[in-house]
Amino acid sequence: MQESYFGSEVPLVIENRQFVEYEEEDIQRLNDSEERKFAENPRIQQIKEAVEAELGRTGHWEKHWLTIDPSGRRVYAHIYFGDERALAITADGEIVKEISYQ
């Protein structure tokens, strides 16, 4: 696996055909592994605060395997849902998707 600038692994990208074959236990192990990457990145809290400031502090965070392209490839992301849009970040602190509700 590759390493990011912070010494922890970069976010895992899973092909859709591979993801749909996983059992619940497999997905939970992946969730735990990806969540550790968020915990090990010292910039994540600062990035989350910036996202909240941009979208408004009345929103909430959720964690999901998010599709990132038309082929259905997925990454584990923390998604902040504001009043009019959402932003998804990966463990390396990158914004991977913006979702507008309108």
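When a residue number appears, it is its place in the shown sequence, counting from 1.
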Worksheet item: Under 4.5 Å between any side-chain heavy atoms of Glu34 and Pro11, yes or no?
Response: yes
Worksheet item: Do Glu62 and His60 come within less than 4.5 Å of each other through their side chains, counting heavy atoms only?
Response: yes
Practice prompt. For atom CD of Gln28, decide whether the heavy atoms of other residues, nucleotides or ligands shown that lie under 6.0 angstrom number more than 12.
Written response: yes
Fill in: Residues, nucleotides or ligands: over 12 heavy atoms within 6.0 Å of Glu23 CD
no
Point-to-point distance, once rounded to the nearest 0.5 Å, from [atom1] of [X] to [atom2] of [Y]:
X     : Y     : atom1 : atom2 : value
Ile95 : Ile89 : CD1   : CD1   : 7.5 Å
Ile27 : Ile14 : CD1   : CD1   : 8.0 Å
Lys97 : Thr90 : NZ    : OG1   : 13.0 Å
Trp61 : Lys48 : CH2   : NZ    : 5.5 Å

Item to complete: Apply side chain to side chain donor-acceptor pair (under 3.5 Å) to Glu24 and list each qualifying residue two or more places apart in sequence or on a separate chain.
Response: none
Practice prompt. In plain terms, say whether Arg29 and Asp32 are close enough for a salt bridge, that is, a side-chain N and a carboxylate O under 4.0 Å apart.
Written response: no
Discussion item. Strictly by salt bridge (Lys or Arg N to Asp or Glu O under 4.0 Å), give each pair with a member in residues 73-83 just once, sequence neighbours left out.
Written reply: Asp69-Arg73
Item to complete: List the steps, then state whether side chain to side chain contact (heavy atoms under 4.5 Å, CB included) holds for Lys37 with Leu12.
Response: CA-CA 10 Å; Lys37 295 174 188 179; Leu12 177 64; 4.2 Å; yes
Fill in: Residue list, ring-ring contact (aromatic ring centres under 6.0 Å, His included) with Phe19, at least two apart or on another chain
Trp65
Discussion item. Centroid separation under 6.0 Å, is that true for the rings of His78 and Phe38?
Written reply: yes
Practice prompt. Output the rest of the hydrophobic cluster of Val13: all Ile, Leu, Val, Met, Phe, Trp and Tyr residues reachable through side-chain heavy-atom contacts under 4.5 Å, sorted by chain and number.
Written response: Leu66, Ile68, Val75, Ile79, Phe81, Val96, Ile99, Tyr101
Practice prompt. Please list, chain by chain and in numerical order, all residues satisfying salt bridge (charged side-chain N to carboxylate O under 4.0 Å, His left out) with Glu15, sequence neighbours excluded.
Written response: Arg17
Worksheet item: How would you list, by chain and number, every residue that makes a salt bridge (charged side-chain N to carboxylate O under 4.0 Å, His left out) with Lys63, sequence neighbours excluded?
Response: Glu35
Item to complete: Look at the side chain of Tyr80 and the backbone N and O of Gly56, then say whether any donor-acceptor pair between them is shorter than 3.5 Å.
Response: yes
